[in-house]
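Some notes on the structure that comes next.
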Amino acid sequence: MSKDITIIGGGFAGLSAGYDLTRAGHRVTVLEADDFVGGLAGAFEAEGERLDRFYHHWFTNDLAVMGLIDDLGLSDEVMTNPTNTGVYYNSSVFKLSTPMDLLKFSPLPFFDRIRLGLLTLRARKVKDWMALEHKTASEWLRELGGERVYKVMWEPLLQGKFGPYAEDISAVWFWNKLKLRGGSRGKAGEERLAYFQGSFARLAEATADGIRAGGGKVHTRSAVDSFAQEADGRWRTKGAWGEVTSDAVIATTALPLVADMIEGWAAPDYLAALRRINYLSNVCLVLELDRSLSDTYWLNVNDPSFPYVGVIEHTNFMKPETYGGNHVVYLSKYLPHQEALYNMSAEETLEFSLPHLKKMFPEFDASWINRYHVWKARWAQPVVEKEYAKLIPSEDGPLPGMHICSMAQIYPEDRGTNYAIREGRALARRLAGD
Ligand SMILES: Cc1cc2nc3c(=O)[nH]c(=O)nc-3n(C[C@H](O)[C@H](O)[C@H](O)COP(=O)(O)OP(=O)(O)OC[C@H]3O[C@@H](n4cnc5c(N)ncnc54)[C@H](O)[C@@H]3O)c2cc1C
């Protein structure tokens with residue numbers, strides 16, 4: 001029987017659920033607070049081409065996303081390019097893409113370089129991730145590679161990415177990162193990543209178009225304030241724009257936002273569970289430069305004096321000609337939303353960042369900057385703690401017809417568009433089968 005289904009959030013989870021539910025004959029309404037679809041994978045205009053606000057790529061083994069692209073008939077628009085990884089440590093950049101790079105990684109004594117290599121190989125072989133549930137990443141990485149490898153390689157990354165939560169992060173989270181990146185390789189063992197022509201947002205828009213083509217609705221500028229079940233079992237979803245009623249609601253926003261929407265009727269225990277998982281925010285300073293900063297695509301920053309955890313030169317992955325010849329660099333920082341950097345204006349962020357960039361790349365000059373942008377996301381990364389499985393709320397809410405399909409429920413993998421699509425489509429399949 002065809003149902004009315006309201007989906008809150010027009011990111012990849014909401015759109016892919018909506019796309020499949022529409023195809024299954026349901027009447028879908030997607031309500032998105034922002035004035036664009038794509039959520040964290042939204043874009044801006046850079047010299048006539050769209051570009052992600054927050055750097056994005058896919059791994060070659062991201063099968064769910066490739067499945068959606070195939071269904072939309074857009075497979076020709078996926079590009080797979082070689083990339084490389086480096087580490088900034090003690091004022092120097094070290095390449096770290098191949099086993100040979102690792103053998104030359106001088107911040108560690110030779111014996112520890114071998115341990116580091118073995119650690120990544122052993123980590124990738126772990127099949128039973130449940131066995132890691134009870135360990136923090138810090139405990140596990142120390143066990144596998146020893147103290148020195150931990151201090152040089154892993155501790156700065158955990159600190160940079162999770163700040164005050166670094167010591168709480170689950171071994172499962174770290175295991176998954178090692179596994180994924182190691183698995184995204186070409187035939188010759190080279191690191192390869194995939195991208196979508198014209199930005200990830202174009203894929204989000206194509207998915208939204210697919211919903212509309214099937215008779216569904218996708219409304220932007222439609223923030224939801226609340227949703228609740230009526231006496232007749234129908235769900236009423238409200239915002240400043242008005243209200244819709246439906247047989248079911250799927251909320252795809254961050255969990256504390258879902259709690260705010262149902263505060264009026266849900267039990268305190270349930271609300272507390274939705275508010276239990278912590279989230280970090282993200283700030284990205286995006287620079288459009290007249291020349292390249294370095295030849296590294298993904299530079300991990302293992303130096304706590306540098307205020308960003310990664311320097312990602314997108315145009316070492318996609319050609320600069322795509323962006324009018326500009327070289328695009330993202331400086332990325334995950335942080336609690338109360339921190340100073342998250343609350344700076346765009347100008348303050350640039351001013352604060354320039355001396356650090358100059359220290360990292362001494363030849364860099366502010367005159368290289370053609371344009372810059374600062375993007376912020378309040379709900380950017382759930383903090384995946386030890387024993388995280390116990391914290392994840394069910395996809396089915398406390399009343400029939402309420403469902404949650406949110407980034408924080410993705411586990412043992414970490415959030416990512418591939419998993420947003422996988423989970424969105426899996427929920428749609430289940431509801432369509434009901
Ligand atoms: C810095 C950074 C880098 C990343 N890099 C990658 C990468 O390289 N590859 C990759 O695959 N993934 C990457 N990700 C992760 C990826 O962007 C997310 O996992 C994915 O986009 C999540 O999709 P989602 O639909 O679950 O959530 P979201 O994209 O967060 O969508 C939720 C939507 O709900 C909307 N919303 C919020 N409140 C309301 C309300 N009250 N009413 C209506 N709508 C509301 C939001 O505006 C948003 O559009 C990155 C993320 C960040 C922050």
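In what follows, every heavy atom counts, from backbone to side chain, and hydrogens, waters and symmetry copies are set aside. One-based numbering, in listed order, for ligands and for the atoms of each. If you read the sequence from its start, that first residue is 1, and numbering goes on from there.
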Atom 29 (O) of ligand 1 has as its nearest protein heavy atom L40 N, 2.9 Å
| query | Can we say R275 and E263 salt-bridge, meaning some charged N sits less than 4.0 Å from an Asp/Glu carboxylate O? | reply | yes
* Check: A13 N/O within less than 3.5 Å of ligand 1 N/O -> yes
The closest protein heavy-atom partner of atom 19 (O) of ligand 1 is G416 N, 3.0 Å
Closest heavy-atom pair, L96 versus L102, reported as atoms and distance to 0.1 Å, is CD1-CA, 3.9 Å
In ligand 1, the atoms that come under 4.0 Å of a heavy atom of G9 are 33 (C), 34 (O), 35 (C), 44 (N)
Per-atom filter on ligand 1: closer than 4.0 angstrom to a heavy atom of M261 are 40 (C), 41 (N)
*Is NZ or CZ of K333 both nearer than 6.0 Å to the six-membered ring centre of Y308 and within 45° of the ring axis?*
no
Note: ligand 1 atoms sitting under 4.0 Å from heavy atoms of G39 are 29 (O), 48 (C), 49 (O)
Taking atom types as modelled and ignoring hydrogens, do the side chains of Y279 and H337 form a donor-acceptor contact shorter than 3.5 angstrom?
no
- Assign the ring pair F227 / W235 to parallel, tilted or perpendicular, where the plane angle (0 to 90°) is split at 30° and 60°. tilted
Any side-chain donor paired with an acceptor under 3.5 Å for T85 and E191? yes
Check your understanding: Would you call K95 and D295 a salt bridge, taking side-chain N to carboxylate O under 4.0 Å as the test?
Key -> yes
Salt bridge present between R422 and E413 (N-O < 4.0 angstrom): yes
Taking only non-hydrogen atoms of A420 and a 4.0 Å limit, the atoms of ligand 1 in range are 23 (O), 26 (O)
Q. Does the N or O separation between S406 and ligand 1 drop below 3.5 Å for any pair?
A. no
heavy-atom search around atom 16 (C) of ligand 1 in the protein gives H56 NE2, 3.5 Å
For L31, the ligand 1 atoms with a heavy-atom partner under 4.0 Å come out as 43 (C), 44 (N)
| message | Considering both backbone and side-chain atoms of A380, is one of its nitrogen or oxygen atoms within less than 3.5 Å of a nitrogen or oxygen in ligand 1? | response | no
Counting only nitrogen or oxygen atoms and a 3.5 angstrom limit, does A223 reach ligand 1?
no
min-distance protein heavy atom vs atom 9 (N) of ligand 1 -> H57 O, 2.8 Å
Looking only at protein heavy atoms, what sits closest to atom 47 (O) of ligand 1 is E32 OE2, 2.6 Å
If we number the atoms of ligand 1 from 1 as shown, the ones under 4.0 Å from a heavy atom of I8 are 42 (N), 43 (C)
message: Side chains of S394 and D396 only: does a donor on one sit below 3.5 Å from an acceptor on the other?
response: no
| Going by atom types alone, do Y195 and D52 pair a side-chain donor with an acceptor below 3.5 Å? | yes
The protein heavy atom nearest to atom 22 (C) of ligand 1 is M407 SD, 3.9 Å
Note: Q381, heavy atoms under 4.0 Å from ligand 1, region reported as neither
Closest to atom 37 (C) of ligand 1 among protein heavy atoms sits T253 CG2, 3.5 Å
Note: ligand 1 atoms sitting under 4.0 Å from heavy atoms of N282 are 1 (C)
Counting from 1 in the order shown, the ligand 1 atoms closer than 4.0 Å to a non-hydrogen atom of D34 are 47 (O)
Discussion item. Under 3.5 Å, is there a donor on one side chain and an acceptor on the other for R192 and T83?
Written reply: no
Next item on the list: Salt-bridge test for K390 and E387: reply yes if a basic N is under 4.0 Å from a carboxylate O, no otherwise.
Entry: yes
For atom 4 (C) of ligand 1, the closest protein heavy atom turns out to be Y55 O, 3.5 Å
Open item on the list: Do E230 and T245 pair up side chain to side chain, a donor and an acceptor below 3.5 Å, judged on atom types alone?
Closed with: no
Closest heavy-atom approach to atom 21 (O) of ligand 1 among V30, T417, I421 is made by T417
*asked:* So is Y334 touching ligand 1 or not, going by heavy atoms under 4.0 Å?
replied: yes
>> Can a side-chain donor-acceptor contact be found between N343 and Q338 if the only test is distance below 3.5 angstrom?
In response: no
